[in-house]
Asks: 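Below is one structure. I have some questions about it.
These values consider heavy atoms only, across backbone and side chains, with no hydrogens, waters or symmetry-generated copies. Model, not experiment: these values are computed from the prediction.
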Amino acid sequence: MGKVVGIDLGTTNSCVAVVEGDVPAVIPNRGGYKTTPSMVAITEAEKRLVGHIAKRQAITNAENTVYASKRLIGRNWESAPVMAAKETAPYKVVEGPHDDVRIDLRGKLYSVPEIAAMILVEMKVIAEDYIGEPVEQAVVTVPAYFNDNQRQATRDAGTIAGLEVIRIINEPTAAALAYGYGKKMDKMVAVFDLGGGTFDISILEIGSDEVFKVISTAGDTFLGGEDFDTRIMDWLVQGFIDEHNVDLRKDRMALQRLKDAAEKAKIELSSQTEAEINLPFIISVGQNEALHLQSVLKREVFEELCSDLVDRTIDICQATLDEAELVKEDVEEVLLVGGMTRMPFIQKKVRDFFNREPCKGVHPDEVVGLGAAIQARALTDDGSTMLLLDVTPHTLGIMIAGGHFEGLIPQNSTVPTSRSKIFTTIRDNQTAVKILVFQGEDERASKNESLGEFVLTGLRKAEKGQVEIEVIFDINADGIVSVAARDLETGMKQSITVTASSGLTESEIHKMVEQSKDYMVDRRESEEFEAARQEAERLIRELERMYVQVEKMVAGSEFGNEALIKARDLIENAKQAIELKDLIQLKDSIETLKRTQRMFKGVLAK
């Protein structure tokens, strides 16, 4: 079996890692970077761009460049994050056919899992180039507070990308695995994970026997670096309105330039006390007048703009400790994960809350990918003794009379687990019950995430409350939920395996898988042609230089003239193959050019 990799599919950046020997390592991309921007673009020529190359052209192609798509994955159309993206994103967010989200790029609609798959394909290619063999399996990380639909959408993205996702694990849990890997310790650890789009806090026990047990987890799947960027953008927009009475949000290119400048200023303010923002010719007004944006953002102003966002993370930390029935003093180490934790204000708030200096021994951008690779190794190595005991982040239960939500498996229950509860009929002579399965924390079932439904029939007719039905919930280590209902009197049983929805049908996924395969074939052929083109052009330059010297040596001889004519024809054939992008002809030309090069070298050596 080939190598199994770990992939951190991030909101802002993604990375891929592998364990070789006993050493986990993040794999650099072709540019030498260990993280790749989670950005996808479609050019005017309908070419797909992913990563750094997509980010570099985002300003000039703002409407067709997607960033932060992870915030939309697995969400339904009317959710607040989707409505926010619809209003503020430079790319077009539209309603899909299954109450899901689609993104319009140059007139073609892409599902969010499809966009995520493009990023995963890039991670797959980076890994294959490094390892030197096909990569077909991966462990992929998600925010701890993702619900089942968001997790299923991430699995579907893996499938579309040609990857078997052997396990989905939570990002803070992955970070803890990387922190504790190979160390003998008994510690209670808090992982404070504030990335580009999401926030998670997890409390774990790390045992010297390589057991990693999650005690409690919580988070906000719409709180991250993107929101900090937005605060800077809002500040810049308002300042521009005050000065020029022009709203920059109405221009997509200006909006993308603002986004880019806000992100740069945010990063700069982690090491400097002020950041200068200078955007010449940001927008044109009237006939020939161009306006410029110039501003200086001080660190204290930025902290004031974002103080409520940071306070939200601290409030969630307190709630997580309360849920675990722990106090701050029980936490022996605090890990900072995610790019936003470089912000000094956040470090200070975390330090003040936990009354201890956060650990600086993990790389905030790489630690999650490393943990995913470690989990991948543990799942595929029969000799591994590492054990991960994770929790379900949301309560699982059913709708009961009055539309209320009755939880059966509480939030933060260690998985795998099974729970059951006995209910009774609510109407006289009731012969069937519909079991509606939900996930969430609200007392009203309709406010939670619907996971599925089924009907138990054949109940005996009796007065309400006389027939007892046992409902059993079971959740395995992969987070797959099974629900069964049983008539206690007759033993009659009905059950379902809850399959969360990503908003895609099986046929849509199959079609996307085939398209992804075609893309990979085209990409490999394109890369192969590019390598051949570079080699052919090198040979052509060398032969043309040698041609002049050989021509002087063999001028007048019949053999020499024929050889020179043949060499010139071979060079022209190679140039034609490059122009026609004919890979087969180009490969043949390279071989003949090499033979001619050897012959020329022989002539010149005499």
Side-chain angles (χ1 to χ4, degrees), residues 74 142 144-152 155 167-170 213-218 323-324 387-502:
V142 295
Y145 221 55
F146 258 23
N147 62 36
D148 274 26
N149 289 338
Q150 290 169 305
R151 290 168 191 265
Q152 184 58 46
R155 280 189 181 278
R167 184 68 56 88
I168 294 275
I169 68 166
N170 296 331
K213 183 179 181 182
V214 181
I215 306 299
S216 180
T217 194
E323 175 70 23
L387 178 62
L388 171 60
L389 299 172
D390 216 331
V391 297
T392 176
H394 300 282
T395 299
L396 293 159
I398 64 171
M399 181 192 285
I400 58 172
H404 297 290
F405 178 61
E406 180 77 19
L408 273 79
I409 296 183
Q411 178 187 29
N412 289 319
S413 296
T414 300
V415 293
T417 189
S418 181
R419 305 283 174 89
S420 66
K421 194 164 187 176
I422 295 173
F423 298 88
T424 61
T425 50
I426 58 172
R427 296 191 309 274
D428 290 341
N429 299 319
Q430 185 176 345
T431 59
V433 291
K434 180 183 283 189
I435 309 295
L436 301 171
V437 183
F438 287 87
Q439 178 184 51
E441 313 310 320
D442 202 284
E443 292 182 356
R444 299 291 301 177
S446 60
K447 298 290 185 181
N448 295 322
E449 198 79 23
S450 174
L451 297 182
E453 62 181 64
F454 64 99
V455 178
L456 176 65
T457 58
L459 304 178
R460 71 176 174 88
K461 291 184 178 181
E463 293 180 10
K464 64 180 181 180
Q466 294 297 307
V467 178
E468 294 184 323
I469 299 118
E470 181 184 30
V471 177
I472 308 111
F473 268 70
D474 182 86
I475 180 167
N476 67 15
D478 284 315
I480 304 299
V481 179
S482 300
V483 185
R486 182 167 65 95
D487 183 341
L488 288 180
E489 183 177 337
T490 65
M492 187 177 293
K493 187 176 181 180
Q494 184 61 264
S495 64
I496 61 164
T497 298
V498 175
T499 304
S501 171
S502 67

Asks: Between atom CZ of R419 and atom CG of L408, what is the distance when rounded to the nearest 0.5 Å?
Replies: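 These two atoms lie 9.0 Å from each other.
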Asks: Measuring from atom CD of E406 to atom CG of L436, what distance do you get when rounded to the nearest 0.5 angstrom?
Replies: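 If we round to the nearest 0.5 Å, E406:CD and L436:CG are 14.0 Å apart.
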Asks: Of the non-hydrogen atoms in P393 and R151, which two are nearest, and what is the gap between them?
Replies: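 Taking every non-hydrogen atom into account, CG-NH2, 3.6 Å.
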Asks: Walk me through whether N429 and R427 qualify under side-chain contact (heavy atoms from CB on, under 4.5 Å).
Replies: CA-CA 6 Å; N429 299 319; R427 296 191 309 274; over 6 Å; no
Asks: Report yes or no: do D148 and Q439 form a side-chain donor-acceptor pair below 3.5 Å?
Replies: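 Indeed, the side chains of D148 and Q439 share at least one donor-acceptor pair under 3.5 Å.
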Asks: Looking at G491 and R486, what are the two nearest heavy atoms and their distance?
Replies: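 Residues G491 and R486, closest heavy atoms: O-CG, 3.9 Å.
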Asks: Measuring from atom OG1 of T217 to atom CG of N170, what distance do you get when rounded to the nearest 0.5 angstrom?
Replies: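 The OG1 atom of T217 sits 6.0 Å away from the CG atom of N170.
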Asks: Among L396, D474, N476, T392, which residue meets the side chain to side chain contact (heavy atoms under 4.5 Å, CB included) test with V481?
Replies: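 Filter result, single survivor: L396.
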Asks: Any side-chain heavy atom of V391 sitting closer than 4.5 Å to one from S216?
Replies: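 No, every pair of side-chain atoms sits at 4.5 Å or beyond.
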Asks: Holding to side-chain hydrogen bond (donor to acceptor under 3.5 Å, both in side chains), I want the full list of residues that pass it with S413, two or more places apart in sequence or in another chain.
Replies: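 Here no residue qualifies.
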Asks: In the structure I gave you, are the side-chain heavy atoms of R444 and H404 within less than 4.5 Å of one another anywhere?
Replies: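 They are in contact (side-chain heavy atoms under 4.5 Å apart), so the answer is yes.
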Asks: Kindly give the heavy-atom pair with the smallest separation between L456 and K493, and that separation in Å.
Replies: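 So the minimum-distance heavy-atom pair works out to CD1-C, 4.0 Å.
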Asks: What is the minimum heavy-atom distance between T414 and K213, and which atoms define it?
Replies: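 Scanning both residues, the minimum pair turns out to be OG1-CE, 4.1 Å.
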Asks: Would you check if R460 and T425 make a side-chain contact, meaning some heavy-atom pair closer than 4.5 Å?
Replies: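 The answer is no; the side chains never approach within 4.5 Å.
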Asks: Is it the case that more than 12 heavy atoms not belonging to Q466 sit under 6.0 Å from its CD atom?
Replies: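 Enclosed: over 12 neighbouring heavy atoms sit under 6.0 Å from CD of Q466.
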Asks: Closest approach of E470 and S420, non-hydrogen atoms and distance?
Replies: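 Closest heavy-atom pair between E470 and S420: OE2-OG, 3.3 Å.
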Asks: Test side-chain contact (heavy atoms from CB on, under 4.5 Å) on I398 and F423 and set out the steps.
Replies: CA-CA 11 Å; I398 64 171; F423 298 88; 3.8 Å; yes
Asks: Per the side chain to side chain contact (heavy atoms under 4.5 Å, CB included) rule, which among L459, T424, D487, V467 passes with V433?
Replies: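 The single option meeting the side chain to side chain contact (heavy atoms under 4.5 Å, CB included) with V433 is L459.
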Asks: Could you go through the side-chain contact (heavy atoms from CB on, under 4.5 Å) check for N149 and E449 one step at a time?
Replies: CA-CA 8 Å; N149 289 338; E449 198 79 23; 2.7 Å; yes
Asks: Name all residues meeting the side-chain hydrogen bond (donor to acceptor under 3.5 Å, both in side chains) criterion together with N448; count only those two or more places apart in sequence or in a different chain, and write none if there are none.
Replies: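 Testing N448 for side-chain hydrogen bond (donor to acceptor under 3.5 Å, both in side chains), a comparison that skips the adjacent residues, returns none.
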Asks: To the nearest 0.5 Å, what is the distance between CD (E489) and CD1 (I469)?
Replies: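 If we round to the nearest 0.5 Å, E489:CD and I469:CD1 are 10.5 Å apart.
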Asks: Rounded to the nearest 0.5 Å, how far does CD1 of I435 lie from CD1 of I400?
Replies: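 One finds 11.5 Å between CD1 of I400 and CD1 of I435.
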Asks: Could you tell me whether the side chain of L389 reaches within less than 4.5 Å of the side chain of V214, counting heavy atoms only?
Replies: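 They are not in contact (no side-chain heavy atoms under 4.5 Å apart), so the answer is no.
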Asks: Out of curiosity, R167 CZ to L388 CG, how far, rounded to the nearest 0.5 Å?
Replies: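 So the CZ of R167 and the CG of L388 are separated by 7.5 Å.
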Asks: Quick one: does S418's side chain have a donor or acceptor within less than 3.5 Å of a partner on I475's backbone?
Replies: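 A pair under 3.5 Å: no.
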Asks: Listed by chain and number, what are the side-chain contact (heavy atoms from CB on, under 4.5 Å) partners of Q411, not counting sequence neighbours?
Replies: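 In terms of side-chain contact (heavy atoms from CB on, under 4.5 Å), with neighbours along the sequence ignored, Q411 is linked to Y145, E323, T395, E441.
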Asks: The test is side-chain contact (heavy atoms from CB on, under 4.5 Å); show your working for K434 and V455 and say whether it passes.
Replies: CA-CA 4 Å; K434 180 183 283 189; V455 178; 4.3 Å; yes
Asks: May I ask you to test the T457-T431 pair for a side-chain heavy-atom distance under 4.5 Å?
Replies: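 No, too far: nothing below the 4.5 Å cut-off.
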